[in-house]
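What follows is one structure encoded as structure tokens, with my remarks underneath.
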Amino acid sequence: EDFFKMKKIVGILAVVAMTASLFAADFAAAIQGYGDLFTISTAEGSKPQMLGWNDPWDREFAWYSTGIGASFTGDKAGLSFELDNRDVTVKNSKFWIQPLDMLKIQLGANTIELAKETIDYDGTVFTHGFEGWMFELKPVDGLTVQLGLETGAPTGWSTNYWLGGKNYGPVADAEGKINMGQILATVAYGADFGTVTALYNKAGDENTIAIDYAGNFGGVAVSPAFAYKTASKAMAADLFVTANAAGVGINVYGKFAKDGADADPAVTVNTKFTYGTSIGQASLQIKDANVLADAFAMMVKANLGFNCGSAGLDCGVQFDIADTVKISVPFQYNIHF
């Protein structure tokens with residue numbers, strides 16, 4: 001069954017590639033996934049496991065990546081989508097047009113966030129994926145304004161969208177109230193000094209204001225950020241620094257966060273060292289999700305990643321150290337065509 005699903009997936013991607021060539025559009029597609037070749041734990045009653053697959057497609061929310069996707073882009077319009085590996089249905093679709101050089105309009109699965117660290121690609125003080133409209137305006141060089149309207153809320157909009165069956169037209173709920181979902185806006189300005197981005201997010205009674213900066217000083221990239229929620233009094237601040245010395249890449253990410261005024265703070269520290277070898281890139285990562293927690297917990301991972309043509313493979317050994325120790329051999333693959 002999985003074989004026939006994969007044949008169907010490849011067939012759909014091939015049709016999209018042919019369509020893109022007919023309309024002189026650039027085409028890109030990717031398939032990726034990850035799992036554990038071997039896992040063993042010192043926890044009582046646990047047994048060694050072989051080839052434990054972590055399903056990258058099992059996501060609660062539609063905007064998370066499925067791992068199988070394609071896009072084609074023309075001069076003034078484009079389309080991207082992903083496929084669900086279980087029933088090969090289209091999801092996470094997005095269509096965009098650019099009626100003016102300074103204006104881009106996107107409809108479908110969008111994300112607005114501040115800069116992410118590139119160690120695990122999950123550390124950031126603000127991110128929100130949503131179904132709806134995105135307007136991007138570049139009125140002058142260096143200035144970018146984004147406005148996101150989350151219109152895919154279950155009680156918010158109807159008017160069936162042709163790809164993916166999403167709802168994008170206004171409709172009232174049982175009480176006659178139109179649910180607009182969240183409103184998001186960013187203003188970014190970049191120049192020789194770097195790029196500064198300010199963000200505003202309205203989600204019901206909760207308003208979030210945030211700001212980040214990205215700059216490079218003599219080969220050292222620095223990106224601090226701060227976010228604050230006015231209703232819950234939650235706040236977060238982070239700093240991501242990358243540098244390269246004698247062929248060794250150094251990546252350090254730290255984050256301080258409080259979920260509310262009376263909540264206990266949490267501090268994340270994530271460090272990764274990389275080194276290029278003749279067969280690929282070797283790395284060593286050490287991560288503590290909360291150094292202030294009473295219970296000790298740390299992740300240590302040694303990894304080797306290499307490419308073969310358009311395919312890539314990462315494999316390593318990971319130690320999750322807490323009251324018990326779990327040792328695993330994770331791998332991740334990707335194919336681009």
Side-chain angles (χ1 to χ4, degrees), residues 30-44 46-59 64-67 113 115-125 127 220-223 236 238-257 266-308 311-336:
I31 297 175
Q32 63 184 14
Y34 58 97
D36 290 310
L37 294 177
F38 175 77
T39 301
I40 187 171
S41 174
T42 61
E44 184 178 354
S46 65
K47 298 179 180 180
Q49 294 184 352
M50 298 292 294
L51 199 60
W53 289 89
N54 298 316
D55 191 347
W57 303 281
D58 187 13
R59 305 299 191 191
Y64 281 110
S65 174
T66 62
E113 62 188 354
K116 280 189 175 183
E117 46 84 10
T118 58
I119 300 175
D120 296 320
Y121 292 93
D122 62 358
T124 180
V125 298
T127 182
V220 179
V222 179
S223 180
D238 70 0
L239 174 64
F240 182 47
V241 179
T242 64
N244 191 290
V248 178
I250 304 171
N251 309 266
V252 180
Y253 177 72
K255 180 180 179 181
F256 175 90
V267 175
T268 298
V269 177
N270 195 358
T271 305
K272 184 176 182 180
F273 302 93
T274 60
Y275 183 75
T277 71
S278 59
I279 60 174
Q281 186 182 70
S283 66
L284 174 65
Q285 181 184 355
I286 303 172
K287 180 179 181 180
D288 192 325
N290 185 8
V291 299
L292 301 181
D294 294 334
F296 175 81
M298 178 177 291
M299 185 272 284
V300 179
K301 180 180 179 182
N303 196 73
L304 179 64
F306 56 91
N307 294 318
C308 180
L313 176 66
D314 287 11
C315 190
V317 179
Q318 179 173 321
F319 299 86
D320 293 286
I321 307 168
D323 292 335
T324 59
V325 178
K326 185 177 80 171
I327 304 173
S328 55
V329 181
F331 71 93
Q332 182 172 354
Y333 65 87
N334 62 81
I335 303 173
H336 298 269

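None of these values were measured; they are calculated from a predicted model. Hydrogens, waters and symmetry mates are skipped; everything else that's a heavy atom, side chains included, is used.
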*Let me see the working for Ile250 and Phe273 under side chain to side chain contact (heavy atoms under 4.5 Å, CB included), right down to the final yes or no.*
CA-CA 5 Å; Ile250 304 171; Phe273 302 93; 4.1 Å; yes
When the side chains of residues 311-323 are checked against the rest of the protein, which donor-acceptor pairs come out under 3.5 Å, sequence neighbours left out?
residue: Gln318; atom: NE2; partner: Asp320; partner atom: OD1; Å: 3.3
residue: Gln318; atom: NE2; partner: Asp320; partner atom: OD2; Å: 3.0

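Judged purely by atom type and a 3.5 angstrom limit, Thr324 has no side-chain atom pairing as donor or acceptor with the backbone of Thr42. Judged by distance alone, the side chain of Lys116 and the main-chain N or O of Tyr121 form a donor-acceptor pair under 3.5 Å. Within the 3.5 Å criterion, the main-chain N or O of Asp36 finds no donor-acceptor partner in the side chain of Ser328. Between the Glu117 side chain and the Phe240 main chain, no donor and acceptor come within less than 3.5 Å of each other. Judged purely by atom type and a 3.5 angstrom limit, Asn290 has no side-chain atom pairing as donor or acceptor with the backbone of Ala266. No donor-acceptor pair closer than 3.5 Å links the side chain of Tyr253 to the backbone N or O of Lys272.
Scanning for salt bridge (Lys or Arg N to Asp or Glu O under 4.0 Å) contacts around Lys255 gives an empty result, with sequence neighbours left out. Under the side chain to side chain contact (heavy atoms under 4.5 Å, CB included) criterion, Tyr275 pairs with Val248, Thr277, not counting sequence neighbours. Applying the side chain to side chain contact (heavy atoms under 4.5 Å, CB included) criterion to Ser278, with sequence neighbours excluded, gives no partner residue. The side-chain hydrogen bond (donor to acceptor under 3.5 Å, both in side chains) test applied to Lys287 returns Asp120, not counting sequence neighbours. Remark: Thr127 engages Glu113 in a side-chain hydrogen bond (donor to acceptor under 3.5 Å, both in side chains) (not counting sequence neighbours).
For the atom pair Asn251 CG and Thr271 OG1, the distance stands at 9.0 Å (nearest 0.5 Å). Rounding to the nearest 0.5 angstrom, the gap separating the CE atom in Met298 from the CD1 atom in Ile286 is 7.0 Å.
Residues Pro330 and Lys301 form a side-chain contact, since some pair of their non-hydrogen atoms from C-beta on lies under 4.5 Å apart. Put simply, the side chain of Ile279 does not reach to within 4.5 Å of the side chain of Phe306, judged on heavy atoms. Residues Ile119 and Val252 fail the side-chain proximity criterion, which asks for heavy atoms closer than 4.5 Å.
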